[in-house]
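Have a look at the structure below, then the notes.
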Amino acid sequence: MPEPVVLEMQGAIARITVNNPPVNALCHAVRAGLLDCVRRADRDTGVDGIVIVCAGRTFIAGADISEFGKPPREPILHDVLAAIERASKPVVAAIHGTALGGGLELALCCHYRVATSDARIGLPEVKLGLLPGAGGTQRLPRVLGVEAALDAMLTGRMLDAPGVAERGDGAIDAVLDGSIADASVNWLRGRLAESLPLRRVRDMPVPGNADAAVFERFETRAARETRGQFAPRQIIACVRAATELDFDEGLKFERARFGECMQNPQSGAMRHLFFAEREAARIPDVPRDTPRRPINAAAVVGAGTMGAGIAMCFANAGIPVTLTDASSEALNRAVARIRDNYDRSAARGRLDTQTVERRMGLITAEAGLHVASRADLVVEAVYEDLELKKQIFAELARECRDDAILATNTSTLDVNQIAASTTTPERVLGLHFFSPANVMRLVEVVRGQTTANDVLATAMGLVRRLRKVGVVSGVCYGFIGNRMLEGYAREAGFLLLEGVSPERIDRVMRDFGFPMGPLQMGDLAGNDVGARVRAERRAAGELPEDPRYGRVHDRLAELGRHGQKSGKGLYRYGEDGRTPEPDPEVERLIREEAEALGVKPREVSDREILERCLLPLINEGLAILEEGIALRASDIDIVWVNGYGFPVYEGGPMYYAEQLGLGHVLERLRHYGRTLGNAFDYWTPAPLLEQLAAQRLALKDWTRD
Ligand code: 3HC
């Protein structure tokens with residue numbers, strides 16, 4: 001093992017190189033090595049200045065997250081940073097790649113910061129339910145100002161080094177060309193004469209006058225954008241402390257708040273998701289070095305909302321895409337919708353006009369399936385109709401090059417049957433995007449019985465290139481996400497019949513942390529869609545013979561109450577077409593249906609609402625796991641957090657179940673089976689749940705034999 005930190009002399013400059021692949025995280029060995037090298041260089045009278053640089057692909061990406069929750073080992077990061085800041089000689093942080101979290105905090109303790117033109121900096125701790133705990137909340141506002149610093153810390157967004165350098169406030173002192181390791185040494189040599197007295201960020205005043213109104217504005221924004229999260233409020237309090245307390249007091253304040261965040265269960269959940277997301281990329285029987293097919297051109301078949309959104313995903317990632325449809329009118333509408341979407345982003349300042357034009361330039365719209373012959377990958381996104389999809393795939397297989405990958409965006413249909421309609425089923429798989437496709441991060445990558453390994457590996461790589469998160473799912477009705485949604489929606493519908501108001505059901509689930517409740521979500525997805533799927537499944541004998549099942553929503557669909565898109569669904573929608581309002585007509589309809597079915601109104605507690613919606617979802621997750629539809633429990637968490645708005649700070653349904661205790665989950669399922677009846681097996685625990693609860697095994701320790 002090479003030393004993780006080495007010191008070499010470059011004339012009178014000591015160059016300290018951190019080499020801890022893959023991302024140079026500040027693990028114990030790196031902290032110890034840095035402290036030792038900085039002290040040695042500082043003591044050495046032959047040293048005039050120090051450069052801290054990193055080997056490999058990036059500057060330090062932060063504290064080592066895998067060490068969190070374990071007993072701290074000295075030297076702690078604070079001591080290392082204090083030694084750097086107190087050095088008697090100028091220290092330069094030479095940044096390439098990304099300087100994140102503790103990495104940026106270390107750089108802010110250096111006396112200068114230089115960077116490559118493609119370097120980025122950021123304090124993403126909020127995404128882990130934490131705050132920057134090594135001085136970031138005290139030092140970043142001193143170089144960027146309160147508002148820019150708060151914005152960076154509350155969103156966790158990275159900032160481009162050249163843009164930061166242009167501000168001229170000392171956050172980044174220079175952008176250098178060439179090898180950063182050499183260029184930074186030369187740069188420091190040119191600065192030595194003017195470097196004393198050393199400039200320390202801690203001694204700088206916080207610029208501007210951040211009054212109470214600024215903090216209130218950020219509080220309001222945090223309450224909206226990161227509702228229910230603990231860390232954002234602590235970040236704001238720390239930055240406020242930076243403006244009110246002297247530096248060392250501010251640092252103490254930050255440290256105490258950091259400890260609180262670390263102890264808060266939210267951080268445990270969010271750290272779980274960090275590793276879960278990376279784990280999702282691993283497919284046990286598909287090695288990481290599986291060759292991938294090049295994807296330089298894509299085609300999307302079907303110019304509806306979904307197709308247009310998927311085309312945008314390719315354009316956003318710089319991949320030329322042809323959108324095709326049988327109807328040229330639909331194509332024109334789709335292109336207009338895409339243009340409108342980009343223009344709105346530009347109007348909000350999120351995109352510049354050049355980027356809009358570049359992306360529009362990557363999108364071609366042309367009628368006829370023959371256009372797919374130019375593509376390396378085709379995504380079919382037509383109407384949910386198995387026969388239609390089979391026809392399209394048979395034709396695509398004839399039109400496309402032999403090595404082109406053929407994907408379906410179906411959310412419910414059998415990918416194996418679709419693949420079987422082609423002569424080359426090994427190149428077929430599902431790419432299930434979530435709506436709106438250009439916004440939602442999740443893609444379920446559906447592996448058919450015959451999908452080739454390199455096709456799967458290419459698809460996973462592509463999803464990453466689209467800056468989304470891919471989760472592998474086996475073939476079953478609804479795949480991972482929509483299959484679990486079924487029990488959630490079913491119980492919401494039953495609760496309506498039992499006399500619970502729609503607003504209350506949705507409110508309880510929003511209070512839990514979902515951005516919207518199940519009934520609002522149904523109105524958004526469209527009641528006609530749900531009713532059509534239910535009718536097909538009922539005809540195929542796939543639904544329980546329970547007259548209550550989907551009853552309210554079927555009636556709404558019959559009445560043309562399709563949801564938000566028709567101005568009324570379970571709710572009615574006011575002027576803006578988006579704000580749900582209770583509708584007495586629907587209340588009456590629900591009462592009539594309940595009477596017809598003989599369902600009596602009951603007293604239902606908020607706890608029951610929450611449990612009745614969540615427990616079936618969790619139980620189905622365990623069944624999915626046992627059947628091998630999901631590769632691991634944490635993949636299910638990634639699906640629900642990224643595709644359905646399950647609160648990040650609960651870590652996803654499987655992590656949440658584990659926090660509740662699997663034994664408790666089992667006991668509550670049985671409780672509802674006893675009290676509500678279990679004629680349709682709604683409350684029958686998944687065998688895996690019984691097994692894990694009996695053996696007191698954690699989900700992550702369970703392996704399929
Ligand atoms: N600690 C431990 N492991 C880390 C890590 C960290 N800070 N950052 C990344 N890794 C690991 C990943 O788990 C992954 O491991 P794997 O290969 O075994 O799955 C590997 O490094 C590569 O990571 P990615 O797959 O994410 O690589 P990318 O190239 O896509 O992205 C990155 C690189 C932008 C650095 C991204 O990894 C990232 O955002 N990392 C987290 C950065 C972060 O949150 N830093 C703050 C940490 S908390 C902190 O510093 C507290 C301080 O304020 C006191």
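Side-chain atoms are counted along with the backbone in the values below, which use heavy atoms only and exclude waters and symmetry mates. Order of listing sets the numbers, starting from 1, for every ligand and every atom in it.
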For residues 95-124, the ring-ring contact (aromatic ring centres under 6.0 Å, His included) pairs (sequence neighbours left out) are Tyr112-Trp187
How far is atom 34 (C) of ligand 1 from the closest protein heavy atom, and which atom is that?
Leu100 CD1, 3.9 Å
With heavy-atom distances below 4.0 Å as the criterion, list the atoms of ligand 1 near Glu125.
48 (S), 49 (C), 50 (O), 51 (C), 52 (C), 53 (O)
With heavy atoms of Gly102 as the reference, note each atom of ligand 1 found under 4.0 Å away.
49 (C), 50 (O), 52 (C)
Say whether Gly136 and ligand 1 are in contact under the criterion: heavy-atom distance to a ligand atom below 4.0 Å.
no
Please check if the number of heavy atoms outside Arg199 that lie under 6.0 Å from its CZ is greater than 12.
yes
Short list, please: which atoms of ligand 1 are under 4.0 Å from a heavy atom of Leu128?
44 (O), 47 (C), 48 (S)
So is Glu277 touching ligand 1 or not, going by heavy atoms under 4.0 Å?
no
If we number the atoms of ligand 1 from 1 as shown, the ones under 4.0 Å from a heavy atom of Pro132 are 53 (O)
Touching ligand 1 at all, Val23? Heavy atoms, strictly under 4.0 Å?
yes
Between the candidates His78, Arg278, Arg57, which shows the shortest non-hydrogen contact distance to atom 36 (C) of ligand 1?
Arg278
Just checking Arg120: does its CZ atom have more than 12 heavy atoms from other residues, nucleotides or ligands closer to it than 6.0 angstrom?
no
Residues two or more places apart in sequence or in another chain: which of them pass side-chain hydrogen bond (donor to acceptor under 3.5 Å, both in side chains) with Arg86?
none
One finds that the ligand 1 atoms under 4.0 Å from a non-hydrogen atom of Gly101 are 46 (C), 50 (O)
Does Arg282 have a heavy atom less than 4.0 Å from any atom of ligand 1?
yes
Among the heavy atoms of Arg464, does any lie under 4.0 Å from an atom of ligand 1?
yes
Which distance, rounded to the nearest 0.5 Å, do you find between the CZ of Arg467 and the CG of Asn316?
7.0 Å
Can you check atom 15 (O) of ligand 1: any protein non-hydrogen atom closer than 4.0 Å?
no
Got a sec: does the CZ of Arg255 have more than 12 other heavy atoms crowding it under 6.0 Å?
no
In the protein, what heavy atom is nearest to atom 1 (N) of ligand 1, and what distance, to one decimal place, separates them?
Ile65 N, 2.9 Å
Is the distance from the ring center of Phe512 to that of Phe646 below 6.0 Å?
yes
Heteroatom proximity flag, Gly133 to ligand 1, N/O under 3.5 Å:
yes
Is the count of non-hydrogen atoms from other residues, nucleotides or ligands lying under 6.0 Å from Arg40 atom CZ greater than 12?
yes
When distances are taken from atom 2 (C) of ligand 1, the protein heavy atom at minimum range is Asp64 OD1, 3.2 Å
For atom 41 (C) of ligand 1, tell me which residue out of Phe275, Phe274, Phe68 has the closest non-hydrogen atom.
Phe274
Does Arg278 count as lying over the ring of Phe274, i.e. NZ or CZ under 6.0 Å from the six-ring centre, within 45 degrees of the axis?
yes
Starting from atom 35 (C) of ligand 1, what is the nearest protein heavy atom, named by residue and atom, and what distance separates them?
Ala61 CB, 3.5 Å
Do Arg240 and Glu219 meet the salt-bridge criterion of a basic N to acidic O distance under 4.0 Å?
no
Option of least heavy-atom distance to atom 21 (O) of ligand 1 (set: Pro21, Gly62, Pro22):
Pro22
Atom 17 (O) of ligand 1: nearest protein contact (heavy atom, Å):
Arg288 NH1, 4.0 Å
Around atom CG of Asp177, are there more than 12 heavy atoms from other residues, nucleotides or ligands closer than 6.0 Å?
no
Taking only heavy atoms of Pro124, which atoms of ligand 1 are found under 4.0 Å from at least one of them?
43 (C), 44 (O), 45 (N)
Looking at Gln659, I want to see if its CD is surrounded by more than 12 non-hydrogen atoms of other residues, nucleotides or ligands under 6.0 Å.
yes
Hey, could you give me the OG1/CG distance between Thr17 and Leu7, rounded to the nearest 0.5 Å?
8.5 Å
What do you reckon, does Ser66 have a nitrogen or oxygen under 3.5 Å from a nitrogen or oxygen of ligand 1?
no
heavy-atom search around atom 7 (N) of ligand 1 in the protein gives Ala63 O, 2.8 Å
Suppose we call two aromatic rings close when their centres sit under 6.0 Å apart. Are Tyr644 and Phe514 close by that rule?
no
Give the atoms of ligand 1, by number and element, whose distance to some non-hydrogen atom of Glu105 is under 4.0 Å.
52 (C), 53 (O), 54 (C)
